Protein chains: 2
Amino acid sequence: MPAEAKPAAKAAQSPIRAAQPVTPPLTERQEARRRRILHASAQLASRGGFDAVQMREVAESSQVALGTLYRYFPSKVHLLVATMQDQLAHMHGTLRKKPPTGDTAAERVAQTLMRAFRALQREPHLADAMVRALTFADRSVSPEVDQVSRLTTVIILDAMGLDDPTPAQLSAVRVIEHTWHSALITWLSGRASIAQVKIDIETVCRLIDLTSTDD
Amino acid sequence: MPAEAKPAAKAAQSPIRAAQPVTPPLTERQEARRRRILHASAQLASRGGFDAVQMREVAESSQVALGTLYRYFPSKVHLLVATMQDQLAHMHGTLRKKPPTGDTAAERVAQTLMRAFRALQREPHLADAMVRALTFADRSVSPEVDQVSRLTTVIILDAMGLDDPTPAQLSAVRVIEHTWHSALITWLSGRASIAQVKIDIETVCRLIDLTSTDD
DNA sequence: ATCAACTCTGAAACTTGTTCTAGATTACCG
DNA sequence: CGGTAATCTAGAACAAGTTTCAGAGTTGAT
């Protein structure tokens, strides 16, 4: 039978939980390759953003043939979205350890997002690569992008301190995510200042207050 | 002296109103070329979205040499953002004729955006090309993207019926724009339904109500 | 240990965005 | 009208993402 299982098996078409299916377990060497690739990707991205992540260079840096790179990540966008998943998971862990301290849910969410924003500011090129990939992704990357979105939702709900959100609250969270992504883009492309992003985040977080009284 | 003036003169660095500088007036033939190019761009985009707009094809369709195309629009993203400016201006005209009828500012804005959304649904591929270009644009396209953003702001303020918005209101409008762009993207990439987009728009529009009482 | 099936490698080829060049054309000034 | 500087054209060339392929390397089953 197979030797090293196909690393990036296409997600089954289960309409629900399409992403992150029961990935055929990778061998150790495959796991190591995958990790080397993601590391090289993040490293190159940190240098020069989206454009600096060149597939040939990623392959070389991670000691993997170009064809192999494409077997693990079927496109540059897939690679960068996976890189984002990686970083986000890391950040989620960090945030868990120091939960925000605000009095209201809105404050805590704004605090959390600003903390994430400050982390991104430390690696603006990396942020550029990840966010550009995320918004440029077409349908073929939907499962992976969705996974990122789910992770973001969890982070926000955590900050709100909710286990069981109402539909209205979920809508508010979605709008917050929209604002978060789009505000990041305006910042990355130099059309909005850091202060502006802060204001936008704080503004949209007020929506949370609306959902406790309404509906 | 010069024959046909440089069509796509770099915007002066005037920090304010950077885009749309006093473009050296185009000759009639140049204006016609520019128009042919934009038309070809929109046409190809309507067929197959972002990927279908291939620079060689645009050049051929519009009867212009590739080098000329690049002189008018220095990149594919520039071209598509200009295409969006064109379409937006058109839509602004249309919207002006039939202003929204809702009772509250929030309702009117939501109505207006949903009207725009329905227009985009009629040409989903074109929408895809324009929106993807807009969010993928890097700093070199900032002036043009900013112009689009300004136009969008005007449309929203028109719907609100405001001449002289407060800073809080401008923040709300920015957040609405963020939500609008990002919601479009999730719809275009098949991660959100039309109904979902509608809900998100209605949700974010509630922010407008907040600005009349608060602050 | 051997085999079959699969994966990885290295290199070339292909695609499409972008740049460059030499020569033909056009616009405007005097 | 003629001159001249800029524009336009056709086509080659280059860059980076993606695909393809033959052969070498692994893996797990027998």
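Quantities reported herein were computed from a predicted structural model and do not represent experimental measurements. A, B, ... follow the sequence lines: proteins, then strands. Residue 1 opens every chain.
B:Glu28 comes within 4.0 angstrom of nothing in the nucleic acid, heavy atoms only. Among the heavy atoms of the strands lying under 4.0 Å from B:Gln63 are primed sugar atoms or P, OP1, OP2 only; no base atom is included.
Between B:Arg71 and D:dA6 there is no side-chain polar atom (N or O) within less than 4.0 angstrom of OP1 or OP2. Note on B:Gln30: a side-chain N or O is less than 4.0 Å away from OP1 or OP2 of D:dC8.
In this model, a donor atom of one side chain and an acceptor atom of the other lie less than 3.5 Å apart for A:Ser41 and A:Thr83. Looking at B:Arg29 and B:Thr27, their side chains never bring a donor and an acceptor atom within 3.5 Å of each other. Side-chain contact check for B:Gln43 and B:Ser61: no donor-acceptor pair (N or O, by modelled atom type) lies under 3.5 Å. Side-chain contact of A:Glu177 with B:Ser182: a donor-acceptor pair under 3.5 Å is absent, judged by distance alone.
As a whole-Å value, the separation of B:Arg36 CZ from D:dC8 P is 11 Å. A:Leu69 places its CG atom 16 Å from the C1' atom of C:dA11, with the value rounded to the nearest Å. The interatomic distance linking A:Glu31 (CD) with C:dC8 (P) rounds to 13 Å, in whole Å. The CZ atom of B:Arg29 sits 12 Å away from the C1' atom of D:dT9 (whole-angstrom rounding). Protein atom CD of B:Glu60 is 12 Å distant from nucleotide atom C1' of D:dA10, rounded to whole Å. If you measure from atom CZ of B:Arg34 to atom C1' of D:dT7, you get 17 Å, rounded to the nearest angstrom. Rounded to an integer number of Å, the gap from CZ of B:Phe73 to C1' of C:dG17 is 16 Å. We find that OH of A:Tyr72 is positioned 13 Å from C1' of C:dT9, with the value rounded to whole Å.
Across C:dT9, D:dA10, D:dT26, the shortest atom-to-atom separation from the side chain of A:Thr68 is found for C:dT9.
Annotated stems with DNA chain C as a participant read C:1-30 with D:1-30, given as range with range, by first number; only runs of 3 or more Watson-Crick or G-U pairs under 3.5 Å qualify.
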Salt bridge (Lys or Arg N to Asp or Glu O under 4.0 Å) between B:Glu202 and B:Lys198, intermediate numbers included = CA-CA 6 Å; B:Glu202 285 165 353; B:Lys198 183 162 192 265; 3.4 Å; yes

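You'll find the side chain of B:Arg35 reaches within 4.5 Å of the side chain of B:Asp86, heavy atoms only.
Residues passing the side-chain hydrogen bond (donor to acceptor under 3.5 Å, both in side chains) test with B:Asp200 are A:Arg174, A:His178, sequence neighbours excluded.
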How does each nucleotide of nucleotides 16-21 of chain D score, in 5' to 3' order, for protein heavy atoms under 4.0 Å: base (B), sugar-phosphate only (S), or none (-)?
-> BBBB--

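Rounded to the nearest 0.5 angstrom, A:Trp187 CH2 and A:Ile194 CD1 are separated by 6.0 Å.
Ion pair B:Asp128/A:Arg139 not flagged as a salt bridge, since none of the NZ, NE, NH1 or NH2 atoms sits closer than 4.0 Å to an Asp/Glu carboxylate oxygen.
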